[in-house]
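Written below as structure tokens is the structure these notes are about.
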Amino acid sequence: MAAEAKQTCYEGSSVQSFQFYLEHSGEHKAILQFVQNILPGEYKRIGAGKSSLDVLGVGSGGGELDAQMLSLLQSTFSAVPISADIVEGSTQLVDNFKELVAKTANLKKIPFFWHIMKSEEYEKQVKAKREMKRFDFINMIQMVYYVDDLEETIKFYHSLLKKNGRLMIIIETEKGGWDTLWSTYKKELCIDAIIEYRSSGDVVTCLKKHGLKYEEHLIPNTFDITECFNPSSKIGESLLNFMTARDHFYQSFTPEIRAGILDLLRNKCSAEKDGKIFFNSNLSCILVYA
């Protein structure tokens, strides 16, 4: 889960844990494949007749996905100036993003404005100014787990959209593997950076409450968690650490809770294929209209 300090951003060992998860889960690949299919059409609708385009990334992490989406926007509107504001709480991940920009030729043409802070701090700063900068496209990928107030966060960022703008929220899908795990073991898991687990269903409830027009798309994804059931596997333990947001899965829970989590992962969150166990890591992409 991409992120935003309770620790609400990835720093130190949690950066390594996050990168390990990305390598093994295929999550970014699944998201990228989806956005490459859907965003060109959305971008054409968003940018029609505009002389400049402004993008905001919230909880953008190391920028791997933002960089691809900005490149896609550039290729859709090659003659239109683009600016990018980035809100990210992790200094380490912002440094990674800056390195990525420095070595990507087309991104050097885009002025970047870095806001190294959590989402709530950015909201305070913006509201304190007399003039709010507005955006044509705002993306919030795997970050709404870390905000204090989901409803207020969505209202705020939606208020920053320009005419024909889109707010894109990508989040774990309702009743998927992550939702099942974190909802079942809410008491044991929601104690640190994530104090209230959220899925796509919570976002949709907020949007409906405020009468906001949206469309929801499924991003299918699974990944192999077979190693999680081998207590001597380092890969399995590293995956369990990330999936439960702990540094040491085996030391963090009682034997009963550990056994319950493993049973849930195998029997309620996953499917078996060719002798391997694949975790249901489906995501939802929710596009909110201005």
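Here the structure is a predicted model, which is why all the values come from computation and not from measurement.
Residues Leu70 and Leu107 form a side-chain contact, since some pair of their non-hydrogen atoms from C-beta on lies under 4.5 Å apart. For the pair Glu123 and Val147, the minimum side-chain heavy-atom distance is 4.5 Å or more. Proximity of Leu161 to Tyr289: side-chain heavy atoms (C-beta onward) are nowhere separated by under 4.5 Å. Between Ile169 and Tyr157, every side-chain heavy-atom pair lies at or beyond the 4.5 Å cut-off. Residues Val144 and Thr153 fail the side-chain proximity criterion, which asks for heavy atoms closer than 4.5 Å. Contact check for Val288 versus Ile154: no side-chain heavy atoms found under the 4.5 Å cut-off. Met143 is not listed as a side-chain neighbour of Glu88, based on a closest heavy-atom distance of 4.5 Å or more. The closest side-chain heavy-atom distance from Thr76 to Lys44 is below 4.5 Å.
When the salt bridge (Lys or Arg N to Asp or Glu O under 4.0 Å) test is applied to Arg166, the partners found at least two apart in sequence or on another chain are Glu42. Checked against salt bridge (Lys or Arg N to Asp or Glu O under 4.0 Å), Glu121 has the following partners two or more places apart in sequence or in another chain: Lys124. By the ring-ring contact (aromatic ring centres under 6.0 Å, His included) test, His24 is found to be paired with Phe20, residues two or more places apart in sequence or in another chain being considered. Under the salt bridge (Lys or Arg N to Asp or Glu O under 4.0 Å) criterion, Lys108 pairs with no residue at all, not counting sequence neighbours. In terms of the ring-ring contact (aromatic ring centres under 6.0 Å, His included) criterion, residue partners of Phe249 (sequence neighbours excluded) are, by chain and number, Phe253. With sequence neighbours excluded, the residues that form a ring-ring contact (aromatic ring centres under 6.0 Å, His included) with Phe223 are Tyr21, Phe279. Every residue two or more places apart in sequence or in another chain that forms a salt bridge (Lys or Arg N to Asp or Glu O under 4.0 Å) with Asp85 is listed here: Lys133.
The two atoms that bring Glu64 and Gln68 nearest to each other are O-CG, 3.3 Å, heavy atoms only. Looking at every heavy atom in both residues, Cys269 comes nearest to Gly177 through SG-O, 3.6 Å. Of all heavy-atom pairs spanning Tyr250 and Cys228, the tightest one is OH-O, 3.9 Å.
Under the 4.5 Å side-chain contact rule for hydrophobic residues, Leu239 and Tyr185 share a cluster. Linking Ile, Leu, Val, Met, Phe, Trp and Tyr whenever their side-chain heavy atoms come within less than 4.5 Å puts Met132 and Val87 in one cluster. Residue Ile110 is not grouped with residue Phe113 when hydrophobic side chains (ILVMFWY) are merged at heavy-atom distances under 4.5 angstrom, including chains of intermediate members.
How far SG of Cys190 is from CZ of Arg198: 9.5 Å, rounded to the nearest 0.5 Å. Considering CG of Leu287 and CD1 of Ile170, their distance stands at 8.0 Å, rounded to 0.5 Å. Atom CG of Leu189 is separated from atom CG of Leu181 by 5.5 Å, given to the nearest 0.5 angstrom. For the atom pair Leu56 CG and Met140 CE, the distance stands at 8.5 Å (nearest 0.5 Å). Atom CZ of Phe242 sits about 12.5 Å away from atom CG of Asp247, to the nearest 0.5 Å. Distance check: Asn164 CG to Asp136 CG gives 9.0 Å after rounding to the nearest 0.5 Å.
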Show every donor-acceptor pair shorter than 3.5 Å between a side-chain atom in residues 95-106 and any protein atom, with sequence neighbours excluded, or say none if there are none.
unit_1: Thr104; atom_1: OG1; unit_2: Leu100; atom_2: O; d: 2.6
unit_1: Asn106; atom_1: ND2; unit_2: Ser71; atom_2: OG; d: 2.9
unit_1: Asn106; atom_1: ND2; unit_2: Gln74; atom_2: OE1; d: 2.5

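Judged by distance alone, with hydrogens and angles left aside, the side-chain atoms of Asn221 form no donor-acceptor pair with the main-chain N or O of Leu283 at under 3.5 Å. Under the 3.5 Å distance criterion, the side-chain polar atoms of Thr226 are matched with a main-chain donor or acceptor of Ile277. In this structure, Thr254 contributes its side chain and Ile257 its backbone to a donor-acceptor pair below 3.5 Å.
Applying the side chain to side chain donor-acceptor pair (under 3.5 Å) test to residues at least two apart or on different chains, the pairs with a partner in residues 264-273 are Asp263-Asn267. For residues 174-185, the set of pairs meeting the salt bridge (charged side-chain N to carboxylate O under 4.0 Å, His left out) definition, not counting sequence neighbours, is empty. Residue pairs meeting the ring-ring contact (aromatic ring centres under 6.0 Å, His included) criterion with at least one partner in residues 70-95, sequence neighbours excluded, are absent. The stretch residues 51-62 participates, sequence neighbours left out, in these salt bridge (charged side-chain N to carboxylate O under 4.0 Å, His left out) pairs: Asp54-Lys162.
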